[in-house]
Every structure is written in C-alpha cells, then in structure tokens.
S.K.: 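The structure follows.
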Amino acid sequence: MNFVKYEQDEMIGIITINRSEALNALNSSVLDEIGDCFDNIDINAVRAVVLTGEGIKSFVAGADIGEMSKLSKTEGEAFGKKGNDIFRKIETFPIPVIAAINGYALGGGCELAMSCDIRICSDNAVFGQPETGLGITPGFGGTQRLARLVGPGMAKQLIYTAKNIKADEALRIGLVNAIYTQEELLETAKKMAKGIAKNAPIAVRACKKAINDGLDVKMDDAIVIEEKLFGSCFETHDQIEGMSSFLEKRKEKNFINS
C-alpha cells in the first residue's frame, strides 16, 4: 500500500495513515487502502486495533479538497458513499478500534475518529467539521455520529459555525476519552489495546455488537439484544475458562475466541 501502513504487535494491529505531505488527507486512494487494510486483518490473531496518523501534526486533516473541488453532484454523492461505507466498516468491525488522534482531526478526519470505538488524543489535537465554510455538508457520517456523541445542540453548533476546537474542549464535550502528551499517545493506545486483548475476545466482540446495535433501537428491544448476546457466551471455551480461573483463583487465562 502507498498510503496506509499496517503492523501487528502481539495481539494488536496498528494502522497508520501515511500521507504526511498532505497532512494525511483522505483522497479516494487513501480511503480504498483503509478499507483494504481492515478487510485483510486476521481477526482470529488480532483482538484490538489502533488507528493513527503518521507524524505529530495531523491524524487526518480532512478529505482531499483538491479532489473534491472537481466533483459533479453524482460524483460527490458517490464519494460520500465510499467514505461512509468504509467508516461504517470500521464502526461495525468485530473487534474494538482505538483512534490515537495526533494533531488535526478535521472534516473527514474527525468523522474517521468518530467511527472508532474509543478516541484518545494528544494535547495538540484540533477537531472540527469545517464543511459549511466550503459550501458542503459533512459527508462521511459527521452529521450523524457527532450528534450521537456530543448531543444534537453541541453538534449543530460545531457544524453550523465550522469552528475548530482544541483537545481540552473535545474532552469536555465527550468527543474524546482522554488527552496525553504527543510522546505518550501511541504507547498509551497500544497499552489500552493490549489490555482489551487480554480479555475474552468472544465477550469483547459481543459487547461491541450489543452497544452498537442497542443504540439504534428502543430500550425494550435493546435489552433483548443484550440478553441474546449474553446467552451466546455460555457453553463457550472462553466463558468456561474465565469462570474456572476465577473460581480456582488463578491469574492465567487461555482465551481462544470460541
């Protein structure tokens, strides 16, 4: 791949968007490579993924405006669908994805981060949806995920004004979970991913599905989703191993995702 790097560290995968000369901006090729990268992750060998951008200046500065400026109405809709399909793939990916946001996360970059399960950022991070200043709307899920994460009122303020916010404000409104120094960010994300990887993968996957699916339905239907996924864990190796280790007071656990 030209713009996306992938490496595996024990049971975690690390995806780095590597188009630093353009502040890791998303064009069609970068989007395709992100999608291909997720398609090729061995989810039997990897239990959590860290997604970041190359360098300390930018996670993803946005979609490539040079490319977008030439699109027709039909092409614009197709470009939005491409981004939405790939970001939805990340959002529904069976295993957790942690965004380690270093620097700018604007437009498509903010939308990419919001498609991840957990967001942590560096102290120089900057977030925003600047699209209305460019004569367009957010196109990769920004109007939908931002409202779900920070509430409709705050989402409307950020989107309508097109103003950027810094890391401390992103933390205050709940857009990110925590702030770290630039030097600490990636290692902290890896440590968090490894902590997730130590737990029963069959249970972690079920929890992700329960949360995601439950958010889209009424509470009465959501608890049924949880009940079924809760029940699906029983009689599995991981459930038996996890409970046996607790009852036997042993720290070692051999989870295998089955």
Side-chain angles (χ1 to χ4, degrees), residues 4-16 34-52 84-100 112-120 141 144-145 148-149 174 176-178 186-258:
V4 175
K5 297 189 298 184
Y6 179 75
E7 58 184 306
Q8 187 173 331
D9 181 1
E10 297 178 359
M11 291 184 290
I12 69 168
I14 303 160
I15 297 173
T16 306
I34 293 170
D36 290 343
C37 189
F38 275 94
D39 285 340
N40 286 288
I41 293 175
D42 182 355
I43 58 174
N44 293 313
V46 173
R47 297 183 180 179
V49 174
V50 173
L51 176 62
T52 194
N84 273 321
D85 288 348
I86 292 166
F87 290 7
R88 184 64 174 157
K89 178 182 297 186
I90 296 169
E91 188 170 47
T92 61
F93 199 61
I95 59 178
V97 182
I98 301 168
L112 176 60
M114 289 190 290
S115 72
C116 299
D117 295 278
I118 298 167
R119 285 160 295 284
I120 61 174
Q144 304 307 307
R145 292 192 180 95
R148 285 164 168 78
L149 283 169
V176 298
N177 293 18
L186 186 56
E187 288 307 311
T188 301
K190 290 179 183 178
K191 184 178 180 180
M192 183 185 296
K194 289 178 180 179
I196 292 170
K198 290 179 180 177
N199 293 321
I202 199 167
V204 172
R205 293 185 190 193
C207 288
K208 176 168 180 172
K209 183 170 177 58
I211 294 169
N212 283 354
D213 291 357
L215 285 171
D216 293 330
V217 299
K218 294 179 180 179
M219 179 59 74
D220 287 341
D221 298 321
I223 58 177
V224 173
I225 292 171
E226 182 181 275
E227 288 165 8
K228 292 186 179 300
L229 288 164
F230 174 67
S232 73
C233 295
F234 286 84
E235 298 184 43
T236 64
H237 168 89
D238 283 2
Q239 175 260 322
I240 294 168
E241 172 67 8
M243 292 189 178
S244 295
S245 67
F246 176 84
L247 294 171
E248 295 165 10
K249 295 181 171 58
R250 58 180 168 87
K251 294 182 179 180
E252 298 78 15
K253 300 174 187 176
N254 178 33
F255 291 131
I256 61 173
N257 193 36
S258 67

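Only a predicted model underlies this, so the values are computations on that prediction, with no experimental measurement involved.
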S.K.: Between Thr16 and Lys5, is there a donor-acceptor pair closer than 3.5 Å when you use the side chain of the first and the backbone of the second?
M.R.: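 Side chain of Thr16 to backbone of Lys5: no pair is present.
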S.K.: Please report the shortest heavy-atom distance between Arg47 and Pro96, naming the atom on each side.
M.R.: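 Looking at all heavy atoms of both residues, the shortest contact is O-CD, 3.6 Å.
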S.K.: What pair of heavy atoms forms the shortest contact from Gly13 to Val46, and how long is it?
M.R.: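 Taking every non-hydrogen atom into account, N-CG1, 3.5 Å.
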S.K.: Tell me the closest heavy-atom pair linking Phe234 and Gln239, and the distance in Å.
M.R.: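 Here Phe234 and Gln239 meet closest at CA-OE1, 3.5 Å.
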S.K.: Checking Lys208 side chain against Ile95 main chain: does a donor-acceptor pair fall under 3.5 Å?
M.R.: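 Yes, Lys208 side chain to Ile95 backbone: donor-acceptor pair under 3.5 Å.
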S.K.: Looking at Asn84 and Gly141, what are the two nearest heavy atoms and their distance?
M.R.: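 For Asn84 and Gly141, the tightest heavy-atom pair comes out as OD1-N, 3.1 Å.
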S.K.: For the residue pair Cys116 and Val97, what are the closest heavy atoms and their distance?
M.R.: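 So the two residues come closest at CB-O, 3.5 Å.
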S.K.: Is a donor on one side and an acceptor on the other found under 3.5 Å between the side chain of Ser232 and the backbone of Leu229?
M.R.: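 Side chain of Ser232 to backbone of Leu229: a pair is present.
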S.K.: Answer yes or no: is there a donor N or O on one side and an acceptor on the other, between the side chain of Glu91 and the main chain of Phe87, under 3.5 Å?
M.R.: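 Not a single qualifying donor-acceptor pair exists.
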S.K.: Look only at the side chain of Asp238 and the backbone of Cys233, and say whether a donor-acceptor pair between them is shorter than 3.5 Å.
M.R.: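 Checking the backbone N and O of Cys233 against the side chain of Asp238, no donor-acceptor pair under 3.5 Å is found.
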S.K.: Give a yes or no answer on whether the side chain of Asp213 reaches the backbone of Ala222 with a donor-acceptor pair at less than 3.5 Å.
M.R.: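 Flag not set: sc Asp213 to bb Ala222 has no pair under 3.5 Å.
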S.K.: Going by an N to O cut-off under 4.0 Å, is there a salt bridge joining Glu187 and Lys194?
M.R.: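 Salt bridge absent between Glu187 and Lys194.
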S.K.: Can you check side chain to side chain contact (heavy atoms under 4.5 Å, CB included) on Ile98 and Ile12, steps first, answer last?
M.R.: CA-CA 11 Å; Ile98 301 168; Ile12 69 168; over 6 Å; no
S.K.: Look at the side chain of Arg119 and the backbone N and O of Ala113, then say whether any donor-acceptor pair between them is shorter than 3.5 Å.
M.R.: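 A pair under 3.5 Å: yes.
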S.K.: Could you go step by step and tell me if Asn257 and Ile43 meet the side chain to side chain contact (heavy atoms under 4.5 Å, CB included) rule?
M.R.: CA-CA 10 Å; Asn257 193 36; Ile43 58 174; over 6 Å; no
S.K.: Going through the checks in order, is the side chain to side chain contact (heavy atoms under 4.5 Å, CB included) test met by Lys89 and Ser115?
M.R.: CA-CA 9 Å; Lys89 178 182 297 186; Ser115 72; over 6 Å; no
S.K.: Determine whether Ile211 and Asp117 make a side-chain contact, defined as any pair of heavy atoms from C-beta on separated by less than 4.5 Å.
M.R.: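 The answer is no, as the side chains (C-beta and beyond) never meet within the 4.5 Å cut-off.
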